[in-house]
4 protein chains.
Amino acid sequence: MTSGKKPDKYYAILEGALKVFAEHGFHKSQVSRIAKEAGVADGTIYLYFKKKEDILTSLFQEKLGELVEKLNNGLNDQMTAREALNKVCEIHFSVLEGNIHLAYLTQIELRQSDLELRKEIGLALKRYIILIENILEKGKKDGSFRPDFEVKLVRLLIFGGMDEVVTSWLISGQKYSLTAQVGPTIDFFMKGIES
Amino acid sequence: MTSGKKPDKYYAILEGALKVFAEHGFHKSQVSRIAKEAGVADGTIYLYFKKKEDILTSLFQEKLGELVEKLNNGLNDQMTAREALNKVCEIHFSVLEGNIHLAYLTQIELRQSDLELRKEIGLALKRYIILIENILEKGKKDGSFRPDFEVKLVRLLIFGGMDEVVTSWLISGQKYSLTAQVGPTIDFFMKGIES
Amino acid sequence: MTSGKKPDKYYAILEGALKVFAEHGFHKSQVSRIAKEAGVADGTIYLYFKKKEDILTSLFQEKLGELVEKLNNGLNDQMTAREALNKVCEIHFSVLEGNIHLAYLTQIELRQSDLELRKEIGLALKRYIILIENILEKGKKDGSFRPDFEVKLVRLLIFGGMDEVVTSWLISGQKYSLTAQVGPTIDFFMKGIES
Amino acid sequence: MTSGKKPDKYYAILEGALKVFAEHGFHKSQVSRIAKEAGVADGTIYLYFKKKEDILTSLFQEKLGELVEKLNNGLNDQMTAREALNKVCEIHFSVLEGNIHLAYLTQIELRQSDLELRKEIGLALKRYIILIENILEKGKKDGSFRPDFEVKLVRLLIFGGMDEVVTSWLISGQKYSLTAQVGPTIDFFMKGIES
DNA sequence: AATGAATGAGTTTTCATTCAT
DNA sequence: GATGAATGAAAACTCATTCAT
């Protein structure tokens, strides 16, 4: 799934970290706890990561990579722009609904970082946001979307809206189905941009 | 601005904290630094706040209170639902654009908290989200909004969208006018809900 | 009972301290807690005592004064040496059995002091130990005690023995009568010194 | 002397603590001072002891263990009860006279503990007090001691007496020989219990 | 004399990180 | 590469004491 050139322990540490971060939050997670979870010695972690924070960013990049890969697999050129947008939301919601640890990581832990880290995360997120942007552009070009909205603003409104829906679902204690929100969410967005 | 029943030092500490948190982030802000900024002794802080974290939540609640007060002053019953929504977005954006420290606090620092604190914040935010909900309900009732969208979902999409726009503006380095985004943002939302 | 030239608040503070020290121990007792117990302001304590430690030593001296006074009232020249020794032990045990707070203070808290303070306490105790010494001397003189024991050693053995009996009774949770130990204790001592 | 199954640093820390505690008292001894004395880093102490207080109790238990071992080596079944009691007192006094730091620890510092700790210490001391009890029982059985004294009381009177003699000698500034007190001390006790 | 708000010195403990093996 | 014992910097919080009122 992930590139494969990195050694097993690299991934073992990431998976351990995902679990520990999700349980205790980044600041309260001890490196030694992650090491134990990953089945390696404390020092070994520093053969693969420069600092504790690097584990967090690497984790995010790996997981975001997996998500983008899933999206790329899920999307194809025959789809209408609406179908594509629907697919994006569906995968976004279903991946997080299917991996609560990951959901905690992205919605809670990754926000627990200072501005520097947020910028790094923002950079990584760009790939995802550009993917949304491409769909919007395509819809504009083929005439299925209105020509008079600002792509750079609307991509934020769409991403931010989806993000808030996930966070709200998570904080509520996952009492309802997240994927069930895909339809109404896309309905709302489409009204805003459809011709 | 601040109510007045709390002693001056209470507000002095909050203002000091707002500045220090915005500069260094919550976790890297030392209590002694806040004390110095507020012009009080370290120990004095603990006469007004039980723990460092309490400064953060109090700050949030005070500032959210001010925001909601501004909104209540800005809104009135003669407004159409669209005008009301526009006003909310305008005040939301202009308050944060006018107080960068506060913007950092809400968009960056307040996210740096564990699940427990997030829930507390979520509770406080409810007042704001319900205010949006009321506008949506009103629009539905008077027929200016479509009857077939889910208020509880759309309020999240609207709040989340605005939130993301602010964060994006902040992380970009405030290179453009945030208030200039009010019109297009509301345009997009209105398309989604207008009859 | 106590001299009377000191103002009421002096004694109020001592009584408050006796209670608080007994409950929490000297080091864990806050001055403000004592103030509250005594019904005075924190600062008031420093009008009567120079430092927190002074409360402890004053308390000890007041209470020891009361004990010595009780002993002086209880003893008289018509008593045999044995009767006198018996009276000392009886008063010692009954006073502490009748005032558990005081027992905690003398057996536990007063030991929680550094060498300097212990010396001060030792000095105050001297009055008590000399009282025992006088009885031993008297018994030697009137022939009821053997002439061949070292008074300065035996007074320690007697005091130490009684002290250990009290501490042991206290730590055991006061499960048995302390005053019931007077007879056997004096029996043992008398065997050691009687002609 | 020390068992050997515990790592060297464990004992290095204990010896450092013994010295520092004796010099400054438990409460005024900083952990960092002990670390420096032991030649380890501050944090290292917490690899071997959970809390500062644990150093004190471990120290006590190690040293008491050594004392009891010395007593067991010094006693044998051929001794009369009187000889055994004499040996106990002799070893008790000589060990403390030969190690002033240890004497300070047992007579001053260990008393500086709250009730909870005192109970723990009392538990450890039980081994020692039972050793005295066994001698008393044996003397009763072989007829060298009177049958009519209460073993459970007298063991306290004996232990308390010896303890007070040591403390008094220590506080006096060790101006006289402690071991010289063994004979008279035992004489006094023997009078109390001998047939 | 009495108050109590304010002070700020002081210390244990944690834990990310290193490095000798 | 792997280990994990050792390191030591770092900071929130307490509370005895002061002093302006």
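Residue numbering restarts at 1 for every chain, and letters A, B, ... go by the order of the sequence lines. Just so it is clear, the model here is predicted, and its values are computed rather than measured.
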Roughly how many Å is it from [atom1] in [X] to [atom2] in [N], rounded to a whole number?
{"X": "A:Ile13", "N": "F:dG1", "atom1": "CD1", "atom2": "C1'", "answer": "12 Å"}
{"X": "D:Ile34", "N": "F:dG8", "atom1": "CD1", "atom2": "C1'", "answer": "17 Å"}
{"X": "B:Leu56", "N": "F:dA12", "atom1": "CG", "atom2": "P", "answer": "13 Å"}
{"X": "C:His27", "N": "F:dA16", "atom1": "NE2", "atom2": "P", "answer": "10 Å"}

Identify the heavy atoms of [X] and [Y] that sit nearest to each other, and give their distance.
{"X": "C:Ala12", "Y": "C:Ala38", "result": "O-CB, 3.5 Å"}
{"X": "D:Lys63", "Y": "D:Leu18", "result": "CE-CD2, 4.0 Å"}
{"X": "C:Arg127", "Y": "C:Gly65", "result": "NH2-CA, 4.1 Å"}
{"X": "B:Ser58", "Y": "B:Leu14", "result": "CB-CD2, 4.2 Å"}

Which residues share a side chain to side chain donor-acceptor pair (under 3.5 Å) with A:Tyr10, sequence neighbours left out:
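Testing A:Tyr10 for side chain to side chain donor-acceptor pair (under 3.5 Å), a comparison that skips the adjacent residues, returns A:Glu62.
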So, using side chain to side chain donor-acceptor pair (under 3.5 Å) as the criterion, who are the partners of C:Lys52 when residues are at least two apart?
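C:Lys52: no side chain to side chain donor-acceptor pair (under 3.5 Å) contacts found.
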Roughly how far, to the nearest 0.5 Å, is OH of C:Tyr104 from CG of C:Leu170?
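Result: 5.0 Å between the selected atoms.
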Reading DNA chain E 5' to 3', which nucleotide is the first, and which the last, to come under 4.0 Å of any heavy atom in chain A?
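Using the under 4.0 Å cut-off, the span is E:dC15 to E:dT18.
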Closest-nucleotide mapping onto DNA chain E: is A:Ser32 or D:Gln30 further toward the 5' terminus? I mean the 5' end.
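Nearest-nucleotide comparison on DNA chain E picks D:Gln30.
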side-chain contact (heavy atoms from CB on, under 4.5 Å) with D:Thr57: which of D:Ile55, D:Leu59, D:Asp54?
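So the option named by the test is D:Asp54.
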Is any NZ, NE, NH1 or NH2 atom of the basic residue among B:Arg33 and B:Glu37 found under 4.0 Å from an Asp or Glu carboxylate oxygen of the other?
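Yes, charged N to carboxylate O under 4.0 Å.
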Check DNA chain E for consecutive Watson-Crick or G-U pairs with both distances under 3.5 Å and list the runs of at least three as stems.
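DNA chain E stems, ordered by first number: E:2-21 with F:2-21.
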I need the residues from residues 41-52 of chain C with at least one non-hydrogen atom less than 4.0 Å from DNA chain F; give them sorted by number, or say none.
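Close to the strand are C:Gly43, C:Tyr46, C:Lys51, C:Lys52.
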Side-chain polar contacts of residues 39-47 of chain C - donor-acceptor pairs under 3.5 angstrom, sequence neighbours left out - could you list them?
residue : atom : partner : partner atom : Å
C:Thr44 : OG1  : C:Ala41 : O            : 3.4

